[in-house]
Asks: 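One structure follows; several queries about it will come next.
Heavy-atom basis, side chains included; hydrogens, waters and symmetry copies ignored. Within every chain, numbering begins at 1; the chains are lettered A, B, ... in the order of the sequence lines, protein sequences first and strands thereafter.
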Amino acid sequence: MANVTVQSEKEVSWLRQAWARIRKIHPVFPVFLIVFLAVGYLNPKFIEPNGILIFLRRAAPLGILAVGQLFVLAAGGFDLSVGSQVTFVVIGGALLINNDPEKLTYTLLVLYGIGILVGLINGLVVTFMKVPSFIATLGMLLALKGAGLYWTGGAPRGYLTDNFRQFGRGFLEPVPVVERFPIAVVVLIVVVAIAAYIFHFTIFGRQILAVGDNPVAAKLSGINVRRVRILTFIVSALCAITAGILEGGFGGVNIIAGDGLELQAISAAVLGGAVLLGGRGAVLAAAAGALTLEALFNFLNLIGQPEGVRDVVQGLIIIGAVAYAAINARRR
Amino acid sequence: MTALSLENIQKRLRTSRIPPVYLMLVAILVVSLVLDQIYGRGQMIDPTILTNILVRSVALGIVAIGQTFVMIAASIDLSVAYLISVTAVMSSFLMQGDPARVPMAVAVVFGIGALVGLVNGLIITKLKVNAFIATLGTGLILKGALNASFSNFTGAVPESFQTLGYGRWGPVPISIIVLFAIAIVAGFVLYRTKFGAHLYGIGGNEVVARLSGLRTDRVVIIAHIVCSMSAVMTGLFVVSRLRSGAPWIGPDGLYDLESIAAVVVGGTALSGGVGSVAGTLAGVVIFGILDTAFNQLGVDTFLKSVLRGAIIILAVASYTIRSRREAS
C-alpha cells in the first residue's frame, strides 16, 4: 500500500513534495473542475453561489446513491436494486402519507424500515444463499418494482405532501451570505460526512476494504465477513431511501422516478475510482464522480445536445475512467 | 433393487450428475399444469400453447446462447439489449419493405454486430476494463446513437422476411427450428472444438490458460463477437415478428438482464468455467413457462415481476447454497 517509500525529509525539496501530493489527488477532482468551469463559461449564472447550490441540490440524490453504492462495491459486490428502491419510496411514500402532513414522521420511519429490510434481504441472500450479488440485487430490482406497483394497484396514486417534498426542494432561510440554502444539499453534506467517517476512520471501514480485497484472507484474520457484507447492503439501502426522499421533492409521483439510477450510481462511484470486485474506493471521490456526471449532463444540455449524445458521452466516460485506472494500476 | 423410498430418490438426485435446472424445469412445468387445471382455464396442456411457450422463448433463447459463450469465459455482455434495438431499427430502415434489399440489410446488421463485439472484446482485453463497465458503456453508446437518429417505428420488413417469425414448416414453427439449429451449432462449437475448450479453460483460470500458451485475449474477443452476433439474430427475429423496428424494443424486452438471468439459472457460473447450451435453453424455457402460466392463471402483472425476481434468486441459490465459496 501507500507510504512505504521511506525518504529522508531533507532530500526531498518542497517542490517535489508538493508534486507528490498533487499526484495523489484523484483525477476525478480536476475533471470535475474542468467540466464545472466549462458549464460556468457557457452559463455564468451557474457559477454564482446560488447557481452552484441549485446544481448541488439536483445532484444530491445521485451523490448519495454513489456513496451508498461505494460501500457495496468496495466489499466486492453490486447493488442493482437502488433504482427500484428510489421508485418505491416515491410511490410508496405517497400512499403512506395519504395527503396527511401529520403522518410525515410515520411515513419516513416506515420507509427507512423497509429500506433496512431490503438491505438485510439482499445481504442475507448474498451471504447465506451465496447468490452472486449481481443476480440477488437484480431479483430484488424486479421484485421491488413489481411490489411497489402492486401496492398502488397499477397506477401511482396520491400526492406527496409539501412537508415531504420540502426535503428535496426546500430551502433553509435566512442563511448568511447566500440567503437561502437548499435542504437537499445539507442532507448531501451530512451523508457524505458520516459515510466518509465510517469508511475511512472506523474499523468497519477497514474491514470493508479487506473483505473486498480478499474475502478468504479477511475471514482468516478474524473478520466476520458475512456481517460486514450484510451491513454494506444495509448502508446502500439507507442511502437509496434517502435519495428517494429527495427525489420525491423534484418530480411528481411516477413509476420511473428511479429508473436507471443504479447504473448511474455505479458509473459515478467508478468515476471516483472505486474498483469493481472490491478493495478500493473513497467516499469523497465517489461523490465527486456523481457531481461530475451531473455537471456533464448540464453541459450537454447547455450546448443543446439531444438526449442521445448524453448517453454516448456517459458511456465513453465510464469506459475511459476504468481504462485509465487499469492502465495506472499496471504501471505500478 | 431397493425400493423407491423418498430418501432413496433424494439420495440419487443428490449423487446424480443431472444439473438442477432440468429438475426445476420439470417441477415448474408440472406445478404450472396442475395449478392451471385447478385455478386457471385448464388450457395449458394444449399443444398450441405449449408450442407458443417455445416460440416466445426463441428471441431470448438465441441471445442467451450467445451470452453463455461470454459468461463461460467469465465475461458478461450488457450491451445486447441495445444491439437488438439497433439491429431491429437498422434492418427495417434499410429494407423499406423491399425483398430485394433483405440480403444487403442483413449483411449490414451482422457487420454492425461483429464490430460491436470486436470493440467490446478489445476494450475488455486490451484496455483491461471490467466487462460489466465496458459493455454497460458500449450499450449506452449504442442507445445514444440510436435515440439521436430514430425516435419511433422506422421502415418495414417485407412480407417474405416475416416467414422467419411466423412461418411454419409442416406443423413446426420455423422460429423453433432456427433456435434448435443455433443451439446445436453452439453446442458443437462449445464441446467439440478447440475454441470451446479454450473458453472453458479461460473461464476456469485465466492466468493458467495464458501461461499454458493460450492467446486468451483473442479467445475472449471472439466470444464477444459470437455474443453480439447472437444479439443481431435475436434482433432480426424480433423485427420479423413486429414488422418494423423501434428503438425501445431491446431494453423493453429486458434482454440484457433476462439473458444473463437465464444463463445463470441454466447453471453457468458468473465466475465462468462451467456452463452449457442445454442448461441455458432450459433456463429460457423456464421463463417462458412462468410467463404463460402467470397469464393463464391471471396473475397480476406486477405480482408477476415479484414472483419472477424471487424465482430467479431461488433458482440460482439452488446451485450456490451448498458451495463453500463466498459469493461476490
Asks: As an exercise: rank B:G309, B:A148, B:A269, B:S149 by heavy-atom pairs under 4.5 Å with chain A and give me the winner.
Replies: B:G309

Asks: Against chain A, work out which of B:N147, B:V129, B:V264 has the most heavy-atom pairs shorter than 4.5 Å and name it.
Replies: B:V129

Asks: Heavy-atom distances under 4.5 Å only: say whether A:I317 touches chain B with side chain, backbone, both or neither.
Replies: neither

Asks: Can you tell which part of B:I76 gets under 4.5 Å to a heavy atom of chain A, answering side chain, backbone, both or neither?
Replies: side chain

Asks: Kindly assign one of parallel, tilted or perpendicular to the pair A:F134 and B:F132, based on the angle between their ring planes and the thresholds 30° and 60°.
Replies: perpendicular

Asks: Where is the tightest heavy-atom contact between B:A145 and A:V312, given as atom of each residue plus distance?
Replies: N-CG2, 3.7 Å

Asks: Please determine, among B:L136, B:L314, B:L78, the option with the most heavy-atom pairs under 4.5 Å with chain A.
Replies: B:L136

Asks: CZ of B:F153: more than 12 outside heavy atoms within 6.0 angstrom?
Replies: yes

Asks: Quick one: side-chain hydrogen bond (donor to acceptor under 3.5 Å, both in side chains) partners of B:S92, sequence neighbours excluded?
Replies: none

Asks: Against chain A, work out which of B:I123, B:I133, B:L270 has the most heavy-atom pairs shorter than 4.5 Å and name it.
Replies: B:I133

Asks: Hey, could you give me the CD/NZ distance between A:Q314 and B:K143, rounded to the nearest 0.5 Å?
Replies: 8.0 Å

Asks: Can you tell me if A:Y150 has over 12 outside heavy atoms packed within less than 6.0 Å of its OH?
Replies: no

Asks: Side chain, backbone, both or neither: which part of B:K126 has an atom under 4.5 Å from a heavy atom of chain A?
Replies: backbone

Asks: Enter the distance from B:S305:OG to A:L144:CG here, rounded to the nearest 0.5 Å.
Replies: 9.5 Å

Asks: Using the side chain to side chain contact (heavy atoms under 4.5 Å, CB included) rule, pick out the option among A:V313, A:L316, A:D311 that qualifies with B:I141.
Replies: A:L316

Asks: Using non-hydrogen atoms only, which part of A:I266 is less than 4.5 Å away from chain B: side chain, backbone, both, or neither?
Replies: side chain

Asks: With sequence neighbours left out, what residues match B:R56 under side-chain hydrogen bond (donor to acceptor under 3.5 Å, both in side chains)?
Replies: none

Asks: Where does A:I319 contact chain B at under 4.5 Å (heavy atoms): side chain, backbone, both or neither?
Replies: both

Asks: Check each atom of A:Y324 against the heavy atoms of chain B and say whether the ones under 4.5 Å are side chain, backbone, both or neither.
Replies: neither

Asks: Checking heavy atoms, do the side chain of B:L254, its backbone, both or neither come under 4.5 Å from chain A?
Replies: side chain

Asks: Between B:I312, B:L303, B:L142, which residue shows the highest count of heavy-atom pairs closer than 4.5 Å to chain A?
Replies: B:L303

Asks: For chain A, find which of B:I260, B:L146, B:T138 contributes the most heavy-atom pairs closer than 4.5 angstrom.
Replies: B:I260

Asks: Identify the heavy atoms of B:L140 and A:I318 that sit nearest to each other, and give their distance.
Replies: CD1-CD1, 4.4 Å

Asks: Rounded to the nearest 0.5 Å, what separation is found between the CG atom of A:L138 and the CZ atom of B:R308?
Replies: 10.5 Å

